[in-house]
Amino acid sequence: MTQMPSALTRSACLIDGEWRKAASGEEIVVTNPADGSEVGRVPSLSAAEVEEAVAAAERAFADWSKRAARDRSAILKRWFELIVAHADELGLMMTLEQGKPLAEARGEALYAASFIEWFAEEGKRVYGDVIPSPQTDKRILVLKQPIGVCAAITPWNFPAAMITRKVGPALAAGCTMIVKPAEQTPLTALALGVLAEQAGLPKGVFQVVTGDAKTVGGVLTGSDIVRKLSFTGSTEIGRILMAQSAPTIKKLSLELGGNAPFIVFDDADLDAAVEGAIASKYRNAGQTCVCTNRIYVQSGVYEAFTEKLAARVGSLSVGVGTEPNVSIGPLIDDDAIEKVEAHVADALEKGAKVLAGGKRHARGGTFYEPTVLSGVTQSMRVAREETFGPVAPVFRFDTEEEAVTMANATEFGLAAYFYTESARRVWRVAEALEYGMVGHNTGLISNEVAPFGGVKQSGLGREGSHYGIEDYLEIKYLCTAIG
Ligand code: ADP
C-alpha cells in the first residue's frame, strides 16, 4: 500500500499557529476511494474550537490587513514556490485521498499553486479611484479595503485548487481566511497549511478546521466576525449556506453545480471535437463541475461523431491512480457510483443505447467504465441532473436554435462548450448560451488568469483573474471637503 508523504501529513488542525487535535479526541477517518483503506485521521472539532479559530482570524486581521501589499505578496510567493516544490508529494496525497490519477493530481498541485502566484501579483495592483466632483469644494475618492475575516468551505473533487483559488485572493487583499475542507479530502488542505507555515504566513492568517460539516458550517455562517463566505459545492448546500448567512448579511461567493452542454455542429472539426469531449467529460472521472454533462450533436455528423467518440473512449484505461498510465480512477464513494448507475438505467429504460461501457468496472469498488450513450433525449435524468461520473450521453439536434434552446433548458449556468468552424456562428452561439464560461473549439477552459464562475443557480462571484480579488475587497467612498 502506498503511504501518505509523511513530511506533509498532519492529523491535527491549524488554529492560531498551532497544530491542534479536538479536545474530545474525536476524529474523522479519511479513506482511499480506490480500496476503502484508511489513509489518515483528522480532528472532529467542536463548535467552541471553531470559534477559537474565528477569534484568531480576527486578531490576525489587525496586522495582516495593514501590511504593505508587497510584503503580503512576498510571503505568498514563497508559499507558491513551496507548493510547486512539493507538487509530487501533494499529487500523491490527492491520489490517495481523492482517487484521481497521479499525473492529473500533480497537475492539480501546479494549478493550485498558480492561484497563489497570480494573486500575489494582483494584490499589488488593487487600485482605487478619483471621481470628478460635481462641487468644486469637494474631492471624491474611492478606496478598496479588505473585507475582513473570510471563511471557505470546499469540496473533495479539487482538494488543493479549490482552496488556493479562494485563499490566494483573500490573503493578497489583506483578509484572513479559515478553510473547512471536505471531510473526504482534508489531508491535502492540512498539507497546504504545513507549507503556509514554512512560507512564513503569520499565525491566524490561514487556518484549517476539520469536523462535522454542519457544526463547522454553522459556526462559520453564524458568526458576525466572519464577513464573507466562499463556497464551492452543490447548489443544494449552497442554498442552505446562503440562508444561514442571511442573518449576518455576509458577502458570498458561490461556485455551485453545473450541467455543461457540449454542442457539436455539422461544420465542426470532428476529431478535435472528440478530443475536446474526452478532455472535458472524463477528467477526474467526470467529477468536476465544468465537466461536460450533455453532448448535443447535429444530425449530419451524429453517427460519425458518436462512433469516433465510442472508439476513443474504449482506449481510456481505468485503474488505481498510483498505477502507471491510468486515465480514470475510482469515483469518490458509493453514493457517487449509485447515482451514475441510476442515470444510466433511467436512460436505457427510456430508449438510449450503450455504445461503450455502461456498467460498473470489473475492478469492483467504485470503478465505473467510461460510458457513451446514444439516442438520448431531454426526458431522461441525464438531461436535467449533473451525473458527476464518466458517462457521455449524446443527444441529436437539427437546428442551431434547437441546440441553444436545449442547452439553456436548465437552472444551471456554469460552463458550456461548442465546436464549429464558422466565425459567424461563434458570436451568435457564445452570446446566446446562458453560461458564465463558454469554450469554443476547446474542452478545457480553467486557468488562473480567466474569470471562473456561473450564472443562474450555478453561483455568485468570480474566481481567478483580475476580477477574482474584487470579491475580497470592499469599496469605501471618501468625500473630502477642501473649501
Ligand atoms: P459534494 O456533492 O461535492 O460533496 P457538497 O455541497 O455536499 O458537495 O459539499 C461541499 C462542501 O460543503 C464540503 O466541504 C462539505 O463538507 C460541505 N457541507 C456539506 N453540507 C454542509 C452543511 N450543511 N453545512 C456546511 N457545510 C456543508
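All ligand and atom numbering here is 1-based and tracks the order in the structure. Treat the numbers as computed from the prediction; the structure is a model and nothing was measured.
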Tabulating one pair per line, provide the atom names and distances (0.1 Å) for every N/O atom of ligand 1 that is less than 3.5 Å from a protein N/O atom.
from: ligand 1; atom 1: 3 (O); to: Trp156; atom 2: NE1; distance (Å): 3.4
from: ligand 1; atom 1: 4 (O); to: Trp156; atom 2: NE1; distance (Å): 3.1
from: ligand 1; atom 1: 6 (O); to: Ser234; atom 2: N; distance (Å): 2.9
from: ligand 1; atom 1: 6 (O); to: Ser234; atom 2: OG; distance (Å): 2.7
from: ligand 1; atom 1: 14 (O); to: Thr154; atom 2: O; distance (Å): 2.7
from: ligand 1; atom 1: 14 (O); to: Lys180; atom 2: NZ; distance (Å): 3.2
from: ligand 1; atom 1: 16 (O); to: Lys180; atom 2: NZ; distance (Å): 2.9
from: ligand 1; atom 1: 16 (O); to: Glu183; atom 2: OE1; distance (Å): 2.5

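In the displayed structure, Lys456 atom NZ is contacted under 6.0 Å by more than 12 heavy atoms of other residues, nucleotides or ligands. Crowding of Glu38 atom CD: a count of heavy atoms from other residues, nucleotides or ligands under 6.0 Å exceeding 12.
Judged by distance alone, with hydrogens and angles left aside, the side-chain atoms of Ser223 form no donor-acceptor pair with the main-chain N or O of Val219 at under 3.5 Å.
Annotation: cation-pi pair Lys100/Phe158 present, NZ/CZ under 6.0 Å from the ring centroid and within 45° of its normal.
A centroid separation of less than 6.0 Å is found between the aromatic rings of Phe206 and Trp79. For Tyr296 and Phe418, the gap between ring centers reaches or exceeds 6.0 Å.
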